[in-house]
Amino acid sequence: MSDLVTVILAAGKGTRMKSAMPKVLHKAGGKAMLQHVIDAAQAAGAKRNIVVVGFGGAVVQEAVGTQAEVVVQKEQLGTGHAVLQAAPLLREEHGTVMVLCGDTPLLTGELLKKLYDAHREAGAKATVLTAVMPDATGYGRIIRTATGTVEKIVEHKDASDAERRVQEVNSGIYCFEKDDLFAALAQVTCDNAQGEYYLPDVLSILRQKGEKIWAVAADDYESTLGINSRVQLAGAEKILRRRKNIELMESGVTIMDPDSTFIDADVTVGRDTVIYPFTWLEGDTHVGENCTLGPSSRFSDAIIGSGVTAQFVYAHSCEMADGVTMGPYVHIRPNTKLAAKVKIGNFVEVKNSNIGLGTKLPHLSYIGDCDMGGGVNMGCGTITVNYDGKKKYRTVIGDNAFVGCNSNLVAPVTIGDGAYVAAGSTITKEVPPSDLAVARARQKNIAGWADKRK
Ligand code: UD1
Ligand code: CA
C-alpha cells in the first residue's frame, strides 16, 4: 500500500469534552486517541501521514513529533475546510488519500487496509467507511438510493426524523482520489445547520458529477466509534482494555479477572505469566514469561524479566531481571535496576539504585542513590541517608556485605566487599572490605535500677 497518503483531522476543540486539553490528546487504553489513529495508519502501510492541527496546535504538534507532517488549520470551519489545509502538502500526489479523524481510537490497521482495498477494487473516486450503530446519535447518516448506492451523508443536526432513524452512519473515514477530492472540496458550501464546510458533502458532489462513489461497511461498529464526550471516552477505554486482555490471553497469558486488569495498548507480556486482579501494566512496560504479577500492582514503563513475582507493588521507570521477587507493599522508583534474583520484601522503597545479583532487602528499608553489589543482606529497617537538605549523595556497597538491622548509611559512604555493619550503627566513614564496623553507643546496664526507683 505504498502509495497511500493519509490526512488525519485533529484541529477541533472537542467542545463536548469540556476540557482545556485538545480532544485528540485525551487518552484511551493509556494512549492519546490521535496516537491510536497514527498507529493504525502506519499499520495499514501509509507512506505519508499529514495531521491537521488547530485548537491547541502546539501541544498536538509536540505529541505528533516526527511521526507525521503537520499542517495548521487556523480557524475550525469544518471537516471539509480542514482537509483543504493539506492541499499544499499534497500538490505532488495524484493517488489515493485516506482521510481519518483523530477521535477514533479503536481503529485498526486491518480495517483501514480493507477500506483501501475495497476503494481500489471498486475503482471509485470516493469510498466511505460506514458502520451500523446501535445508537447513531450525533453521527452523519448514510442515505442510500432505492438501488442501495450511497446518495448522500446527512449530519445529525441537519437530518429529518426519518433520516435520524437510519442506523448506518459515516465513520468519518474515507478514501478519495486526490484530484477529485480537491475539485469537489472547492464546491462545498457552509449552508447547513452548523455553518461549517462538511467533508461528507464531497460524496454527493462527486455523485452529481456522475463519478463512482462507494461505501464499505465495517463488520464491527466498535472499531469506528468516534469519541466526542467523556462518557464515550470511557466506553472506548473499556473496549480497548478488553481487546488487549483478549489478545494477551490468546497468546498464553493468564488474566484471572480481565474486568479488573488494565493493560495499555503497547505493553507486551510473555506466556505463562499470571496476572492477579487489580493490576495495571502501563506505557512502555514489557513483561517476560512465567511471572506472577499482582494482586494490586502497578507497573509503568517497567522492563520485567521472566519468573518475576510481585504483589502489592508500584514500580515505575525501572528494570528488574529474571527471578526478582517483590512485595508486599513495595515502591520501586525511577532509574532503578534490580539484577536477577533480587528479593525486595515488605515496606521497602528503592530509588535511582543498582542492586546486584541475589541481594536481599527483606523489610522496611529506604535505598536511594545506591550502587549495591550482589549477595548483600540489608538488615530490617536499614536506610541510606542520601540527602543533606541540599544535595543527594551516593552509597556504594560491595558484594556480599552484611548490614545489620536499623543501620543508617550516611552518604557519600562506601561499605567494602564482605564487610559487616553492626546492627543499629550510623555509618559515616568508609568500611574497608571484610571489616566489621560498630558505630553505636556501648550498652551500659545499671544494676537494680528499677527496684530502687519504686
Ligand atoms: C463527523 C462527520 C460525521 C461522522 C462523524 C464520525 C462531518 C461534517 N461530520 O462528525 O458525518 O459521522 O464525524 O465520527 O465531517 N476537525 C478539524 N477541523 C474542523 C472540524 C473538525 O480538524 O474544523 C476534526 C476534529 O478534530 C475531529 C474530526 O475532525 O478529529 C471530526 O470532527 P467532529 O467535530 O468530531 O465531527 P463529528 O460531529 O463527530
Ligand atoms: Ca467526532
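Being a predicted model, the structure only gives us computed values, none of them experimental. One-based numbering, in listed order, for ligands and for the atoms of each.
Contact analysis leaves G54 out of contact with ligand 1, as no non-hydrogen atom separation drops below 4.0 angstrom. Within the 4.0 Å heavy-atom cutoff, H156 does not count among the residues contacting ligand 1. In this structure, V169 falls outside the shell of residues with a heavy atom less than 4.0 angstrom from ligand 1. Close to ligand 1: R16, with a non-hydrogen atom less than 4.0 angstrom away.
Judged by distance alone, the side chain of Q232 and the main-chain N or O of N228 form a donor-acceptor pair under 3.5 Å. A side-chain donor-acceptor contact under 3.5 Å links Q67 to the backbone of V64. Of the possible polar contacts, none joining the T336 side chain to the C318 backbone as a donor-acceptor pair under 3.5 Å is found. A donor-acceptor pair is defined here as one N or O able to donate and one able to accept, closer than 3.5 Å; no such pair exists between the side chain of D161 and the backbone of R165. With hydrogens and angles disregarded, no donor-acceptor distance shorter than 3.5 Å links the side chain of E62 to the backbone of V59.
Residue Y174 has no N or O atom closer than 3.5 Å to an N or O atom of ligand 1. When only interatomic distances are considered, the shortest N/O to N/O separation between A11 and ligand 1 falls below 3.5 Å. For E75, no nitrogen or oxygen atom sits less than 3.5 Å from a nitrogen or oxygen atom of ligand 1, counting backbone and side chain alike. On a distance-only criterion, G138 and ligand 1 share no N/O pair closer than 3.5 Å. Between T79 and ligand 1, at least one N/O pair is under 3.5 Å apart.
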Exercise for review: Dump the intermediate steps for side chain to side chain contact (heavy atoms under 4.5 Å, CB included) on I275 and L281, then the final yes or no.
Suggested key: CA-CA 10 Å; I275 304 175; L281 303 177; 3.9 Å; yes

Practice item. Let me see the working for L111 and T224 under side chain to side chain contact (heavy atoms under 4.5 Å, CB included), right down to the final yes or no. Key: CA-CA 9 Å; L111 182 60; T224 67; 3.9 Å; yes

Exercise for review: Evaluate the side chain to side chain contact (heavy atoms under 4.5 Å, CB included) criterion for residues W280 and T285: first the C-alpha distance (whole Å), next the side-chain angles of each, then the deciding distance (0.1 Å), finally the verdict.
Suggested key: CA-CA 10 Å; W280 282 255; T285 290; over 6 Å; no

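Of all the heavy atoms of P200, the ones lying under 4.0 Å from any atom of ligand 1 belong exclusively to the side chain. Contacts with ligand 1 closer than 4.0 Å are made by no heavy atom of E196, backbone or side chain. Neither the backbone nor the side chain of Q194 comes within 4.0 Å of ligand 1, counting heavy atoms alone. Looking at A10 against ligand 1, only its backbone comes within 4.0 Å, counting heavy atoms. Contact annotation for N228 and ligand 1: only side-chain heavy atoms (C-beta onward) come within less than 4.0 Å of the ligand.
Within a 6.0 Å sphere centred on NZ of K341, heavy atoms belonging to other residues, nucleotides or ligands number 12 at most.
Of the protein's non-hydrogen atoms, the one nearest atom 30 (O) of ligand 1 is L9 O, 2.8 Å. With hydrogens left out, the protein atom closest to atom 28 (C) of ligand 1 is C101 SG, 3.7 Å, a heavy atom. In terms of protein heavy-atom proximity, atom 13 (O) of ligand 1 is nearest to G172 CA, 4.5 Å. Regarding atom 23 (O) of ligand 1, its nearest protein heavy-atom neighbour is G78 N, 2.8 Å. Of the protein's non-hydrogen atoms, the one nearest atom 12 (O) of ligand 1 is N170 O, 2.6 Å. The protein heavy atom nearest to atom 9 (N) of ligand 1 is E155 OE1, 2.9 Å. The protein heavy-atom contact nearest to atom 25 (C) of ligand 1 is G12 N, 3.7 Å.
The shortest non-hydrogen separation linking S204 to K152 is CB-CB, 4.1 Å. When every heavy atom of A339 is checked against every heavy atom of A321, the shortest pair comes out as C-CB, 3.7 Å.
The one candidate from R120, K113, H119, K114 that meets the side-chain hydrogen bond (donor to acceptor under 3.5 Å, both in side chains) condition with Y116 is R120.
Residue contact check: K23 has heavy atoms under 4.0 Å from atoms 35 (O) of ligand 1. Atoms of ligand 1 lying under 4.0 Å from any heavy atom of L77, numbered from 1 in the order shown and given with element: 23 (O). Atom numbering of ligand 1 starts at 1 in the shown order; those under 4.0 Å from a heavy atom of S171 are 6 (C), 14 (O). Within ligand 1, the atoms closer than 4.0 Å to a non-hydrogen atom of G102 are 30 (O), numbered from 1 in the order shown. Near A82, with a cut-off below 4.0 Å to any heavy atom, the atoms of ligand 1 are 17 (C), 18 (N), 22 (O).
The pair R298-E282 counts as a salt bridge, with a side-chain nitrogen and a carboxylate oxygen less than 4.0 angstrom apart. Ion pairing of E237 with K27 is absent here, as no side-chain N (NZ or NE/NH1/NH2) approaches a carboxylate O to less than 4.0 Å. Salt bridge present: E349 and R333 bring a charged side-chain N and a carboxylate O closer than 4.0 Å. We find that K351 and D369 are joined by a salt bridge, their nearest charged nitrogen and carboxylate oxygen being less than 4.0 Å apart. A salt bridge links E93 with R48: the distance from a Lys NZ or Arg NE/NH1/NH2 to an Asp or Glu carboxylate oxygen falls below 4.0 Å.
Counting just the N/O/S atoms of D103, the one with the shortest distance to the Ca ion (ligand 2) is named OD2.
The option with the heavy atom closest to atom 19 (C) of ligand 1, from among Q73, H81, K157, is Q73.
Residue N228 counts as close to the Ca ion (ligand 2), with an N, O or S atom under 3.0 Å.
For atom 1 (C) of ligand 1, the nearest protein heavy atom is 4.0 Å or more away.
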